[in-house]
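The block underneath contains the structure these notes are about, expressed in structure tokens.
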Amino acid sequence: MFVLHSIIILSNLTNVNIMIEKIEITQRFNFKRLNRHYECFTIDLVNKNAYYKISERGSGDKFVKESPLCDDTWVDILVDLRRKMTSEIHRMSDSQIDRFLHDFTELELFKDFESEEFSYFEKIELVYSCNVIIYSTDNYEEYSFKNNYPPNWIRFGELLSEIFKFDVLHLNYQKHLATPLYYDVREDGVYAGNSLNVKSIEFGHYRTYPYELPNPRLIINFDENEINGYIEKELIDSDRQLILNLLKKYHVYMWIFDDYHKKSNARDPDDLEGYDWYLEMVFEGDVIWHIFGYNDYPDTYVHLAREVIEITGMDLLEINTIADGDLELFEKFGAEKLLD
């Protein structure tokens with residue numbers, strides 16, 4: 001028998017009886033630096049409805065169409081995310097609210113959950129992040145994550161889909177994102193049972209002042225056997241193996257995890273109006289791995305960049321733009337990770 005919607009016991013929030021009044025689910029998707037999508041879906045149990053509250057759309061659809069791309073897998077995702085943002089008010093009946101609260105309580109969604117660091121401006125950003133705020137009669141609880149998904153997140157998404165008849169948590173598109181929700185991200189690759197093959201890699205690096213539009217500096221297309229950008233050449237087998245070995249050697253796949261952002265958390269860059277960058281990999285099945293930074297980098301970035309210089313004679317990752325004091329910290333924290 002379902003509890004009345006006016007009374008709900010959430011033992012994972014507090015040790016006392018409280019009544020949930022509202023839940024806000026803010027999701028952020030980042031694709032290619034300027035092509036980003038923010039949204040907040042609000043479930044208002046007091047007024048028996050649900051609706052989208054905010055949307056911040058970066059530079060809009062024009063940039064989607066004009067940007068040079070090595071892979072456009074993400075474009076359909078971004079366009080559809082924006083299309084689904086509507087002003088529709090989703091009404092909820094008392095029975096729906098009772099069922100939702102009952103099922104939500106049974107999930108124990110955030111029991112023993114530890115939030116990740118989260119802010120609306122971060123020096124290093126990932127393809128997906130989420131913030132959930134649960135408001136009660138006399139309190140609120142906030143939970144944030146980028147990789148540390150609650151164990152029952154997929155079931156929560158299914159519960160919301162059952163009530164509102166659409167994919168509120170975008171689980172279908174989450175299957176196209178190389179995050180720990182559906183994939184196992186390791187030092188040597190991204191796994192879905194077996195290791196996924198890399199289809200393409202794209203790297204962009206650009207000034208923030210005077211302002212430059214983000215654009216690729218290096219594109220490696222494994223399907224077409226091409227390298228374009230600073231280097232123009234046919235991709236041969238030895239190139240392919242060298243690139244994959246470098247990704248593994250410097251733990252590049254792991255850059256999406258906070259444990260590889262110790263330098264960025266320890267010190268702000270000397271020049272805050274310096275250079276931004278992004279790195280994207282697309283795997284078989286059109287699975288997207290993406291990270292970008294505001295004038296800061298993951299801990300092993302400089303170590304990778306130095307070996308790239310040794311191999312090519314070119315500063316392809318442009319570490320010449322990084323101040324000496326910051327380089328020392330990258331050397332320190334990067335060496336610690338590579339010795340683990």
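Values below: all heavy atoms of this structure, side chains included; hydrogens, waters and symmetry mates excluded.
Tested against Thr300 for a side-chain hydrogen bond (donor to acceptor under 3.5 Å, both in side chains), the candidates Trp255, Tyr260, Tyr250 yield a single pass: Trp255. Of the residues Asp80, Ile77, Leu81, the one that meets the side-chain contact (heavy atoms from CB on, under 4.5 Å) test with His170 is Leu81.
Taken to the nearest 0.5 Å, the OG1 atom of Thr42 stands 4.5 Å off from the CD atom of Glu24. The distance from atom CG of Asn148 to atom CG of Leu181, rounded to the nearest 0.5 Å, is 11.5 Å. Within the model, atoms CD1 of Ile227 and CZ of Arg240 stand 10.0 Å from one another, a figure rounded to the nearest 0.5 Å. In this structure, CG on Leu159 lies 14.0 Å from CD1 on Ile154, to the nearest 0.5 angstrom. In this structure, the separation between CD on Glu158 and CG on Leu107 is 10.0 Å, given to the nearest 0.5 Å. Put simply, CD on Glu234 and CG on Asp239 are 9.0 Å apart, with the number rounded to the nearest 0.5 Å.
Under a cut-off of 6.0 angstrom, the local environment of CZ in Phe166 is crowded, with over 12 non-hydrogen atoms contributed by other residues, nucleotides or ligands. The 12-atom threshold is not exceeded at CD of Glu114, counting heavy atoms of other residues, nucleotides or ligands nearer than 6.0 Å.
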Let's go through Lys48 and Asp94 carefully: what are the C-alpha distance in whole Å and the side-chain angles of both, what is the deciding distance for salt bridge (charged side-chain N to carboxylate O under 4.0 Å, His left out) to 0.1 Å, and is it a yes or a no?
CA-CA 8 Å; Lys48 304 179 184 180; Asp94 287 347; 2.9 Å; yes

May I have the step-by-step check of ring pair (Phe, Tyr, Trp, His ring centres under 6.0 Å) for Tyr183 and Phe283, ending in yes or no?
CA-CA 12 Å; Tyr183 300 96; Phe283 296 83; 8.6 Å; no

Apply ring pair (Phe, Tyr, Trp, His ring centres under 6.0 Å) to residues His37 and Phe31 and explain how you reach the verdict.
CA-CA 8 Å; His37 174 83; Phe31 304 101; 9.0 Å; no

Decide side-chain contact (heavy atoms from CB on, under 4.5 Å) for Leu45 and Met92; before the verdict, give the C-alpha distance in whole Å, the side-chain angles of both, and the deciding distance to 0.1 Å.
CA-CA 8 Å; Leu45 300 172; Met92 301 177 70; 4.2 Å; yes

Assess the residue pair Asp326 and Tyr297 against the criterion (side-chain contact (heavy atoms from CB on, under 4.5 Å)); give the C-alpha distance rounded to whole Å, side-chain angles, the decisive distance to 0.1 Å, and a yes or no.
CA-CA 10 Å; Asp326 292 326; Tyr297 307 87; over 6 Å; no

side-chain contact (heavy atoms from CB on, under 4.5 Å), that's the test. Do Phe292 and Leu279 meet it? Break it down for me.
CA-CA 6 Å; Phe292 70 81; Leu279 176 65; over 6 Å; no

Could you give me the CA-CA distance, side-chain angles and deciding distance for Glu284 and Lys199, then say whether salt bridge (charged side-chain N to carboxylate O under 4.0 Å, His left out) is met?
CA-CA 6 Å; Glu284 61 179 295; Lys199 290 175 53 181; over 6 Å; no

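Taking the six-membered ring where tryptophan is involved, the planes of Tyr206 and Tyr278 are tilted, since the angle between them lies from 30° to 60°. Using the six-membered ring where Trp is involved, Phe113 and Phe110 have ring planes that are perpendicular, over 60° apart on the 30 and 60° scheme.
Trp289 and Thr179 share no donor-acceptor pair across their side chains, judged by distance under 3.5 Å alone. Between the side chains of Ser144 and Asn131, a donor-acceptor pair is found at a separation under 3.5 Å. Between the side chains of Glu125 and His290, not a single donor N or O lies within less than 3.5 Å of an accepting N or O. Under 3.5 Å, the side chains of Glu122 and Tyr294 contain no donor-acceptor pair of N or O atoms. No side-chain N or O of His205 forms a donor-acceptor pair with one of Tyr275 less than 3.5 Å apart. When only modelled atom types and interatomic distance are considered, Asn245 and Gln241 share a side-chain donor-acceptor pair under 3.5 Å. No side-chain donor from either of Gln174 and His176 sits under 3.5 Å from a side-chain acceptor of the other.
Between His251 and Leu338 the shortest side-chain heavy-atom distance falls below 4.5 Å. You'll find the side chain of Asn172 reaches within 4.5 Å of the side chain of Lys175, heavy atoms only. Using a 4.5 Å heavy-atom threshold, the side chains of Ser136 and Met19 count as separate. Using a 4.5 Å cut-off on side-chain heavy atoms (C-beta onward), Phe330 and Asp296 make contact. By the 4.5 Å heavy-atom criterion applied to side chains, Leu177 and Val287 are not counted as neighbours. Residues Phe145 and Pro150 are in side-chain contact: their nearest non-hydrogen atoms beyond the backbone lie under 4.5 Å apart. With a 4.5 Å cut-off on side-chain heavy atoms, Ile309 and Ile319 count as touching. Annotation: side chain of Asn147 is in contact with side chain of Glu116 (closest heavy-atom distance under 4.5 Å).
Under a 4.0 Å N-O distance rule, the pair Asp259/Lys337 qualifies as a salt bridge. Residues Arg155 and Glu162 are paired through a salt bridge, judged by an N-O separation under 4.0 Å between the basic side chain and the carboxylate. Salt bridge absent: Lys84 and Glu39 never bring a charged side-chain N and a carboxylate O closer than 4.0 Å. A salt bridge links Arg306 with Glu331: the closest approach of a Lys/Arg side-chain nitrogen to an acidic carboxylate oxygen falls below 4.0 angstrom.
Remark: Lys22 is positioned above the aromatic ring of Tyr135, its terminal NZ or CZ atom under 6.0 angstrom from the ring centre and at most 45 degrees off the axis. Remark: Lys248 is not positioned above the aromatic ring of Tyr253, lacking an NZ or CZ atom under 6.0 angstrom from the ring centre and at most 45 degrees off the axis. Taking the ring centre of Tyr128 as origin, the terminal cationic atom of Arg28 falls outside the region bounded by 6.0 Å and 45° from the ring axis.
For residues 219-242, the set of pairs meeting the ring-ring contact (aromatic ring centres under 6.0 Å, His included) definition, not counting sequence neighbours, is empty.
Follow the hydrophobic side-chain contacts under 4.5 Å out from Tyr51 and you never reach Val132; the two are in separate clusters. When hydrophobic clusters are built by joining Ile, Leu, Val, Met, Phe, Trp and Tyr residues whose side-chain heavy atoms come closer than 4.5 Å, directly or via intermediates, Phe29 is grouped together with Val79. The same ILVMFWY cluster, assembled from side-chain heavy atoms under 4.5 Å apart, contains both Ile243 and Ile311. The same ILVMFWY cluster, assembled from side-chain heavy atoms under 4.5 Å apart, contains both Ile201 and Leu242. With hydrophobic clusters built from ILVMFWY side chains whose heavy atoms lie under 4.5 angstrom apart, Tyr301 shares a cluster with Leu246.
Nearest heavy-atom pair across Arg36 and Tyr38 is CD-OH, 4.0 Å. The two atoms that bring Glu224 and Asn221 nearest to each other are N-OD1, 2.9 Å, heavy atoms only. In this structure, Val185 and Met254 approach most closely via the heavy-atom pair O-SD, 3.8 Å. Between Cys130 and Ile25, the closest heavy-atom pair is SG-CG2, 4.1 Å. Heavy-atom minimum distance, Ile124 versus Pro298: CD1-N, 3.7 Å. Closest of all the heavy-atom pairs between Asp299 and Lys263 is OD1-N, 2.9 Å.
Here the side chain of Asn49 pairs no donor or acceptor atom with the backbone of Ile89 at under 3.5 angstrom.
Annotation: Phe104 is in aromatic contact with Phe156 [ring centroid separation under 6.0 Å].
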